[in-house]
Amino acid sequence: MPQQKDIVKIAIQMPGAYPQLIQLDQKKPLTAVIKEVCDKWNLPGPDNYALQYADGVQTYITESNRLDIKNGSILRLTKAPGRCAEDLYKGIQSSDSGVRCDSLKLLADVSTDITFAQEFISRDGHSLLVKIVEDAHEAPLIMTHTLTAFMELMDHGIVSWENLSSVFIKKIASFGNAKVLDTSIQQVSLAILESMVLSSSSLFNEVKHEITLERLVSHLQVTNQQLQTKAMALLMAMLLAGGEADRQELFEFLEKRNLRQYIHKNIIHSSSSVGDEMAHYLYVLQTVRLNHLEARMRTPLDSYNQQRDMLHGLRQAAFETESESGLSNERRRSLCAKEFKKLGFSNNSNPGLDLSRCPPGLLALDTMAYFASRYPDAYSRFVLENSSREDKHECPFARSSIQLTLILCEILRIGEPPSETGSDYHPIFFAQDRLLEELFCICIQLLNKTWKEMRATQEDFDKVMQVVREQITRTLSSKPTSLELFKNKVNVLNYSEILKLRQTERLHQEETLAPPVLELKERLKPELLELIRQQRLNRLCHGTLFRKISSRRRQDKLWYCRLSPNHKVLHYGDVEEETEMPSIEALQEKIPVADIKSVVTGKDCPHMKENKGKQTKEVLDLAFSITYDVEEYSLNFIASSRTDFCLWTDGLNVLLGKEMSSESMRSELEILLSMEIKLRLLDLENVPIPDTAPPIPKPPSNFNFCYDFSQAEQ
């Protein structure tokens with residue numbers, strides 16, 4: 001007698017027959033289950049049949065995945081994967097082009113299933129697809145289906161990419177290089193080339209030899225966004241897969257073609273919104289390009305003589321010095337030390353010691369030299385203005401520059417490898433050739449301005465740098481698209497504005513409330529917490545789109561998860577890119593809330609433990625998992641943003657009867673409490689409250705008093 005936990009209640013469908021409602025015994029072999037189902041429908045040859053999910057991704061049921069079947073699942077009796085593979089293998093060799101087209105289209109659909117893929121590849125079916133591509137005699141639609149099926153089969157990792165012939169690689173590259181060709185063929189061809197490049201260094205070199213970079217860049221200039229994205233994906237794969245020399249060569253080519261400027265004008269500016277996949281590739285391009293500064297950032301100035309000319313160039317550009325040839329060595333050293341001190345070096349006799357810290361290393365000297373040569377008037381004004389102030393109020397140029405360079409490196413994440421899920425690119429990067437240096441030139445002048453606004457002394461140095469960091473990060477978060485716009489916005493965000501913003505953000509954190517107010521606050525908390533709980537559950541019922549992370553392919557697949565309206569079941573399943581909010585019926589997987597044991601986050605997640613040491617802090621901060629069932633299976637998530645992470649972890653904790661603990665919950669609770677307390681404490685005594693709204697006053701005779709915001713955005 002099977003135990004209750006081994007029984008799953010499911011429905012099985014077959015076209016033209018009434019569904020069977022059965023109790024599936026998970027201990028019984030699948031062959032026996034299929035035979036019983038076939039017998040009820042009087043179907044001979046049960047070996048020719050298999051079970052697969054009827055909804056969503058129609059995966060074949062095997063002994064290895066049968067435990068994923070949940071109560072209420074709807075399955076379908078269909079052709080066994082071996083029989084299906086045999087039929088399609090024959091169909092794609094048919095002399096009838098219509099049969100070949102239909103067979104290849106179906107093959108492209110079913111090849112996403114690994115069970116079928118193993119059967120088809122065991123018949124050497126992938127070699128048949130390679131031959132169709134190499135012969136290149138088929139119509140565009142048939143060729144598109146062929147390439148798509150091939151890509152899906154290879155994605156399972158059953159066959160190595162390195163087994164492909166040079167003839168095949170050249171043919172795929174020729175599709176990518178073609179000036180006039182069906183765009184669907186080109187899109188799949190570019191995706192295949194991307195996978196080749198990421199699979200091995202030998203294939204990278206072969207693809208690099210065959211693909212025409214001119215044509216690849218020209219694909220970015222078309223209106224078809226999917227083709228643009230595939231071309232960008234291949235470019236990024238080539239940047240990531242190649243060595244330093246390959247990257248430099250590719251960057252030089254792209255710079256000659258003004259790729260960044262083209263992206264800024266035609267992809268960022270012309271599109272109302274950049275898609276998630278394209279945003280990721282823009283982020284990768286930005287990260288890889290900025291990381292060429294890492295070597296200078298990690299290199300300390302070992303000796304004074306190493307960069308002597310650059311250091312003395314800074315000194316001579318700031319001060320009008322007489323000829324030093326007639327001075328004695330002692331007098332010359334004294335003069336240099338005095339001027340290096342005015343420049344703001346701590347070690348004025350050996351300023352190289354100030355640049356021994358890494359980061360920012362020699363990069364700080366580079367940014368100072370760039371500022372002095374690119375904007376000599378602003379540089380001289382900064383140095384001379386501060387050298388004439390009282391000692392305690394002077395802003396040290398060199399010390400400030402070194403710290404500012406470090407701050408910019410941290411904000412721009414120079415030296416960090418690109419994240420697999422990152423998409424936080426700066427549009428300003430694509431509008432400027434030397435972003436770090438130009439940002440430095442703007443921000444060092446901002447620093448001097450903020451120093452004066454704060455009336456700072458040397459003891460306030462760290463405080464000033466914190467304000468400057470906040471000014472920069474707040475401005476960059478608004479995604480300015482040009483240096484001029486960044487400059488305008490960051491200068492408007494002066495010290496008094498920062499104080500106002502901080503005060504606004506601190507209002508809900510005030511801890512100096514009077515006892516009666518604190519008591520009121522505690523009384524209001526349960527009601528407001530319940531409001532937040534309901535919001536979290538409503539968000540889970542609406543659901544969220546998540547991305548599956550793959551180490552081999554950039555085209556990550558998507559899946560959706562949502563809570564049932566009765567809050568008893570989590571539904572999830574794979575979805576297409578365009579899906580906004582799939583119905584619960586479209587999500588074939590489910591987990592009863594009663595089976596959920598715990599919610600874990602960050603490095604405690606199973607999928608983070610599997611890749612220990614390979615995940616960035618950004619990914620760890622967005623990862624969470626739920627464990628369920630007695631065997632403690634897990635469902636693993638990586639949120640697209642910190643907001644989604646907080647909403648889901650809070651909502652799951654609510655379902656489990658636990659306390660919400662995210663920073664979003666705390667922030668929202670404080671905002672609601674502050675607003676509610678202010679409303680309760682309004683002094684309305686003897687204030688008549690009208691029953692109807694007051695009349696709207698007449699408009700003024702002119703609007704000359706209005707501020708023209710458009711001027712500030714220029």
Side-chain angles (χ1 to χ4, degrees), residues 1-92 102-103 105-126 149 152-153 156 158 569 571-574 585-592 595 628-631 633:
M1 182 75 180
Q3 296 183 16
Q4 191 63 33
K5 67 176 184 178
D6 297 326
I7 299 298
V8 182
K9 297 178 181 179
I10 60 172
I12 300 180
Q13 299 176 338
M14 188 183 74
Y18 287 108
Q20 295 185 32
L21 300 177
I22 70 168
Q23 293 189 355
L24 174 63
D25 181 1
Q26 291 286 31
K27 293 290 182 68
K28 184 182 291 185
L30 267 180
T31 51
V33 174
I34 293 170
K35 185 178 184 308
E36 289 177 2
V37 172
C38 290
D39 289 344
K40 286 185 180 180
W41 277 324
N42 298 318
L43 297 174
D47 292 343
N48 292 323
Y49 294 93
L51 294 173
Q52 66 178 180
Y53 289 105
D55 301 320
V57 180
Q58 297 170 357
T59 308
Y60 278 104
I61 305 299
T62 64
E63 292 291 352
S64 60
N65 67 14
R66 63 182 295 172
L67 293 178
D68 296 335
I69 302 173
K70 303 298 178 186
N71 278 319
S73 295
I74 301 176
L75 306 183
R76 179 174 62 194
L77 189 68
T78 186
K79 281 184 186 179
R83 179 184 163 196
C84 183
E86 188 66 35
D87 290 348
L88 291 178
Y89 185 81
K90 293 176 181 176
I92 61 179
D102 291 341
S103 298
K105 181 181 180 182
L106 180 57
L107 178 63
D109 291 335
V110 297
S111 292
T112 57
D113 185 280
I114 190 169
T115 307
F116 170 83
Q118 289 168 335
E119 291 287 348
F120 191 77
I121 290 172
S122 70
R123 291 164 171 75
D124 208 26
H126 61 291
E152 293 294 350
L153 289 169
H156 295 293
I158 302 169
V569 181
H571 297 265
Y572 65 97
D574 293 345
E585 292 74 20
L587 303 174
Q588 70 277 13
E589 306 286 356
K590 61 179 73 173
I591 298 175
D595 289 350
Y628 60 95
D629 264 346
V630 288
E631 284 87 1
Y633 298 114

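The minimum heavy-atom distance between Thr112 and Ala108, with the atom names listed, is CG2-O, 4.3 Å. When all heavy atoms of Ala17 and Trp41 are compared, the closest pair comes out as CB-NE1, 3.4 Å. Between Pro44 and Tyr49, the closest heavy-atom pair is O-CE1, 3.6 Å. Closest non-hydrogen pair, Ala11 versus Leu21, comes out as CB-CD2, 3.6 Å. Between Pro81 and Thr115, the closest heavy-atom pair is CG-CG2, 3.8 Å. Scanning all heavy atoms of the two residues, the minimum distance from Ile7 to Asp25 falls at CD1-CA, 3.9 Å.
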### Task
Give the C-alpha distance, both sets of side-chain angles, the deciding distance and a yes or no for salt bridge (charged side-chain N to carboxylate O under 4.0 Å, His left out) between Glu86 and Arg83.
CA-CA 5 Å; Glu86 188 66 35; Arg83 179 184 163 196; over 6 Å; no
### Task
Any chance you could lay out the side-chain contact (heavy atoms from CB on, under 4.5 Å) test for Ile158 and Leu153, step after step, and finish with the verdict?
CA-CA 8 Å; Ile158 302 169; Leu153 289 169; over 6 Å; no
### Chi angles and distances behind the side-chain contact (heavy atoms from CB on, under 4.5 Å) call for Ile61, Tyr53
CA-CA 7 Å; Ile61 305 299; Tyr53 289 105; 3.5 Å; yes
### Task
Begin from the C-alpha positions of Phe116 and Leu107 and carry the test side-chain contact (heavy atoms from CB on, under 4.5 Å) through to its verdict.
CA-CA 10 Å; Phe116 170 83; Leu107 178 63; 3.4 Å; yes
### Query
Please walk me through it: do Lys105 and Asp109 pass salt bridge (charged side-chain N to carboxylate O under 4.0 Å, His left out)?
CA-CA 7 Å; Lys105 181 181 180 182; Asp109 291 335; over 6 Å; no
### Task
May I have the step-by-step check of side-chain contact (heavy atoms from CB on, under 4.5 Å) for Ile121 and His156, ending in yes or no?
CA-CA 11 Å; Ile121 290 172; His156 295 293; 6.0 Å; no
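Applying the side chain to side chain donor-acceptor pair (under 3.5 Å) rule to Glu36 yields the partners Lys28; only residues at least two apart in sequence or on another chain are considered. Partners of Lys590 under the side chain to side chain donor-acceptor pair (under 3.5 Å) rule, at least two apart in sequence or in another chain, do not exist in this structure. Scored by the side chain to side chain donor-acceptor pair (under 3.5 Å) test, Glu119 finds Arg123 as partners (sequence neighbours excluded). Under the rule for a side chain to side chain donor-acceptor pair (under 3.5 Å), Asp55 has no partner lying at least two apart in sequence or in another chain. Looking at residues two or more places apart in sequence or on another chain, you find a salt bridge (charged side-chain N to carboxylate O under 4.0 Å, His left out) between Asp87 and Lys79. Under the side chain to side chain contact (heavy atoms under 4.5 Å, CB included) criterion, Asp574 pairs with Val57, Lys548, Trp559, sequence neighbours left out.
Asn65 contributes a side-chain N or O that, together with a main-chain N or O of Tyr60, makes up a donor-acceptor pair within less than 3.5 Å. Although no hydrogens or angles enter the test, the distance criterion places a donor-acceptor pair under 3.5 Å between the side chain of Gln20 and the main chain of Val37. In this structure a side-chain-to-backbone donor-acceptor pair under 3.5 Å is present from Gln26 to Arg66. Listed for the His126 side chain is no donor-acceptor partner under 3.5 Å among the backbone atoms of Ala117. Side-chain N or O atoms of Gln588 include none that pairs as donor or acceptor with a backbone N or O of Gly573 at under 3.5 Å.
Here the straight-line distance linking atom CD of Glu152 with atom CD1 of Ile114 works out to 12.5 Å at 0.5 Å rounding. Interatomic distance, Cys84 SG to Asn48 CG, rounded to the nearest 0.5 Å: 12.0 Å. Note that the OG1 atom of Thr62 and the CG atom of Leu30 stand 7.5 Å from one another [nearest 0.5 Å]. Here the CD1 atom belonging to Ile22 is positioned 12.5 Å from the NZ atom belonging to Lys9, to the nearest 0.5 angstrom. For the atom pair Leu24 CG and Ile12 CD1, the distance stands at 7.5 Å (nearest 0.5 Å). Rounding to the nearest 0.5 Å gives a distance of 7.0 Å between CG of Asp595 and NZ of Lys70.
Contact annotation: the side chain of Val110 approaches that of Leu88 to within less than 4.5 Å [non-hydrogen atoms, C-beta and beyond]. The shortest distance between side-chain heavy atoms of Leu51 and Leu77 falls below 4.5 Å.
Using the six-membered ring where Trp is involved, Tyr633 and Tyr628 have ring planes that are tilted, between 30° and 60° apart.
Side-chain polar atoms of Arg76 and Gln13 form no donor-acceptor pair below 3.5 angstrom.
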